[in-house]
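Side chains included, hydrogens not; waters and symmetry mates left out as well; all remaining heavy atoms used.
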Amino acid sequence: MWRTLALLVAAALFAAIVYRWISLERLLHLAPEIAATPTPEPSPTRPPVITGKVDTGKLFNGITLHSAIETKPGADATTERSDPDSYVIDLKLEARRPSPNRTIDELAKVSGQLPGLLPGLASMLPPDPVSPLYSELYDTKLRVLRDKLVRLDLLLSRHNFFDCQTVLQLQHPQSHRKAVLLQADMDVDADGSDGDRMPAGTGAPTNFKPFTSYKWPKKTTAPNPYLQGTEDRLKQAENEFALSGTTPERKRELRGAIAQFRAEVFTLKQFSFLIGAADPYIVIPASFARGRGATKVGDYALVIFGDALYPALVGDIGPNDRVGEASLRIAKEINPAATPYNRPVSDLKVTYLLFPGTADMPWGPPDYNKLQAGCQKLVDEIGGATVPLHHWENIIPPSPTPTPVPQSSPTPSPSPTPATSPSAPVTSATPTFAFPTATPSP
């Protein structure tokens, strides 16, 4: 009996050792295949959340941080622990408010070719040309800094705080054509979509929105390329809201998200928009578009960099504490290395010339020839230019022509008697529009 039990135990140990050896051999054979399989890199979707240990001295790009510890004699630890003023950080941000350029010579220091490109520009400068928009812009920047001072991760960087060289209000003495001149850097706007002109999306980088402020009613039934994704997010939010285990706090968040997604779905079904990767447009702060005589969405504009003049539309409204932004199409024309994450011009060397009250109504898909002719007329009204305006080519491929449906011809009757009445003509279907093309309000 004992001998049989010992043999069984020995056999079990031998089987375990053999199985372990076979498993190790298989793992060694699979290791090269696992190592050869490339790990896909995650694509960026949103700015990283600041967590864990943070070096506040390196937290911001360009903000200088001075830190010191000051100690004073105090009472016993029990007393000081209960006093909120015994352990304090005094946070103070010092920001110098820049002064704007005013004269043609100061403008030339930023863009040396500007006086030569637009000879009539000097005559358009009044004695006090600085627009109130400049002061309002920096008032807004400082107010935002005060509001967010306790959130160090949300403060404007040095680059974004000093992003505007000047804002001038101009008027030509003969033609009385008014213009607003803005000198800044150039950030990139890749927003916008249009299922009628481009049924495929151009990508969705961080903070991408498929809308622009410049929009018009859709003219075909082709769906917006970002509609399905928005509908999916709406469905997910609705499903989570309906779960019995969803907390009241989460339901409050979902309620707002559901309302926003529903509004976005409605808008994507109803309207078309400019496309950042294909259309030349610029972005202005909302404060620039307020008030009588202000620049509005749809107005004509010029982007001036180096020795080139680029016609553009005012196509979108941005935040009030930043200026200097153009579509990806313009950015790549100025600097082919530009991307939604890489600005084409970091220095304050871009001049934006806005022409208030020049928008063509109703809005619709941009006509590049009309845009160039309109900007040329405006340039002539301010004294002309010494170089021709840049000509934009339409880079959106034409929509494929639908294949006509063959009409079946009736089989001839074997009767020898000729037909006494002519056959009814075949009517072709007229194009139908999903929505009326009413004049949109800016």
Side-chain angles (χ1 to χ4, degrees), residues 41-48 61-62 110-114 117 156-165 182-194 197-198 200-214 225-226 273-285 300-319 321-354 366 368 371-372 375 387 389-397:
E41 296 183 0
S43 58
T45 56
R46 64 184 62 188
N61 180 18
V110 177
S111 178
Q113 299 95 327
L114 189 59
L117 292 174
L156 287 171
S157 66
R158 180 195 297 266
H159 179 95
N160 285 329
F161 184 77
F162 298 106
D163 64 358
C164 182
Q165 193 79 4
L182 166 69
Q183 280 188 328
D185 57 6
M186 180 179 287
D187 291 326
V188 179
D189 187 333
D191 291 346
S193 58
D194 181 2
R197 293 186 296 151
M198 186 179 288
T202 57
T206 303
N207 300 326
F208 171 83
K209 297 180 180 62
F211 325 99
T212 58
S213 302
Y214 187 106
Y226 300 98
F273 311 89
L274 296 175
I275 304 172
D279 296 324
Y281 68 84
I282 65 172
V283 183
I284 62 172
Y300 287 168
L302 283 180
V303 177
I304 307 168
F305 181 73
D307 57 355
L309 306 175
Y310 301 95
L313 290 171
V314 176
D316 211 353
I317 297 296
D321 58 345
R322 303 179 191 185
V323 294
E325 190 173 6
S327 67
L328 182 59
R329 176 73 188 276
I330 296 179
K332 278 192 167 295
E333 189 66 34
I334 290 178
N335 184 352
T339 69
Y341 305 102
N342 183 30
R343 65 175 63 91
V345 183
S346 292
D347 297 329
L348 307 178
K349 295 184 178 298
V350 184
T351 301
Y352 303 86
L353 199 58
L354 319 176
Y368 299 145
L371 171 63
Q372 182 166 9
C375 287
V387 297
L389 272 60
H390 176 81
H391 178 69
W392 295 107
E393 298 289 345
N394 184 10
I395 62 174
I396 297 179

Asks: Once rounded to the nearest 0.5 Å, what's the spacing between atom NE2 of H391 and atom CG of L371?
Replies: 10.0 Å
Asks: Show, in sequence, the C-alpha distance, side-chain angles and deciding distance for D279 and R329, and conclude whether the side chain to side chain contact (heavy atoms under 4.5 Å, CB included) test is met.
Replies: CA-CA 6 Å; D279 296 324; R329 176 73 188 276; 5.9 Å; no
Asks: Over all heavy atoms of both residues, which pair between L348 and D185 is shortest? Give the atoms and the distance, please.
Replies: CD2-N, 3.6 Å
Asks: Do you know which two heavy atoms are closest between A312 and I330, and how far apart they sit?
Replies: CB-CD1, 3.9 Å
Asks: Applying the side chain to side chain contact (heavy atoms under 4.5 Å, CB included) criterion to T212, which one of L313, I275, I317, L274 satisfies it?
Replies: L274
Asks: The criterion is ring pair (Phe, Tyr, Trp, His ring centres under 6.0 Å); which residues satisfy it with F208, sequence neighbours excluded?
Replies: Y226
Asks: Between the side chains of D316 and S213, does any donor sit under 3.5 Å from an acceptor?
Replies: yes
Asks: Out of curiosity, F273 CZ to R197 CZ, how far, rounded to the nearest 0.5 Å?
Replies: 11.5 Å
Asks: Begin from the C-alpha positions of V188 and N342 and carry the test side chain to side chain contact (heavy atoms under 4.5 Å, CB included) through to its verdict.
Replies: CA-CA 8 Å; V188 179; N342 183 30; over 6 Å; no
Asks: List the steps, then state whether side chain to side chain contact (heavy atoms under 4.5 Å, CB included) holds for D189 with Y281.
Replies: CA-CA 9 Å; D189 187 333; Y281 68 84; 3.3 Å; yes
Asks: For D187 and R322, run side chain to side chain contact (heavy atoms under 4.5 Å, CB included): C-alpha distance rounded to whole Å, both residues' side-chain angles, the deciding distance at 0.1 Å, then the answer.
Replies: CA-CA 10 Å; D187 291 326; R322 303 179 191 185; 5.7 Å; no
Asks: When rounded to the nearest 0.5 angstrom, what distance separates CD1 in I284 from CG in L182?
Replies: 9.5 Å
Asks: Which atoms form the tightest heavy-atom contact between T351 and S111, and what is the distance?
Replies: OG1-CB, 4.3 Å
Asks: Please name the pair of heavy atoms, one in A278 and one in I395, separated by the smallest distance, quoted to 0.1 Å.
Replies: CA-CD1, 3.9 Å
Asks: Grab the two heavy atoms, one from L354 and one from A301, that are nearest each other, plus how far apart they are.
Replies: CD2-CB, 3.9 Å
Asks: Is there a donor-acceptor pair closer than 3.5 Å between any side-chain N or O of Y368 and the backbone N or O of P280?
Replies: no
Asks: Just how far is it from atom CD1 of I282 to atom CD of E325, taken to the nearest 0.5 Å?
Replies: 10.0 Å
Asks: Look up atom CE in M186 and atom CG in D347, then write down how far apart they are to the nearest 0.5 Å.
Replies: 12.5 Å
Asks: Within the structure provided, determine whether V387 and D307 are in side-chain contact (heavy-atom separation under 4.5 Å).
Replies: no
Asks: Any salt bridge linking R343 with D163? Criterion: basic side-chain nitrogen under 4.0 Å from a carboxylate oxygen.
Replies: no
Asks: For a quick test of reading the model, state the closest non-hydrogen atom pair linking P340 to A190 and the distance between them.
Replies: CG-CB, 4.0 Å
Asks: Does any non-hydrogen side-chain atom of P225 lie less than 4.5 Å from one of M198?
Replies: no
Asks: Within the 4.5 Å heavy-atom criterion, are Y352 and V323 side-chain neighbours or not?
Replies: no
Asks: In Å, rounded to the nearest 0.5 Å, how long is the span from CD1 of I334 to NE2 of H390?
Replies: 9.5 Å
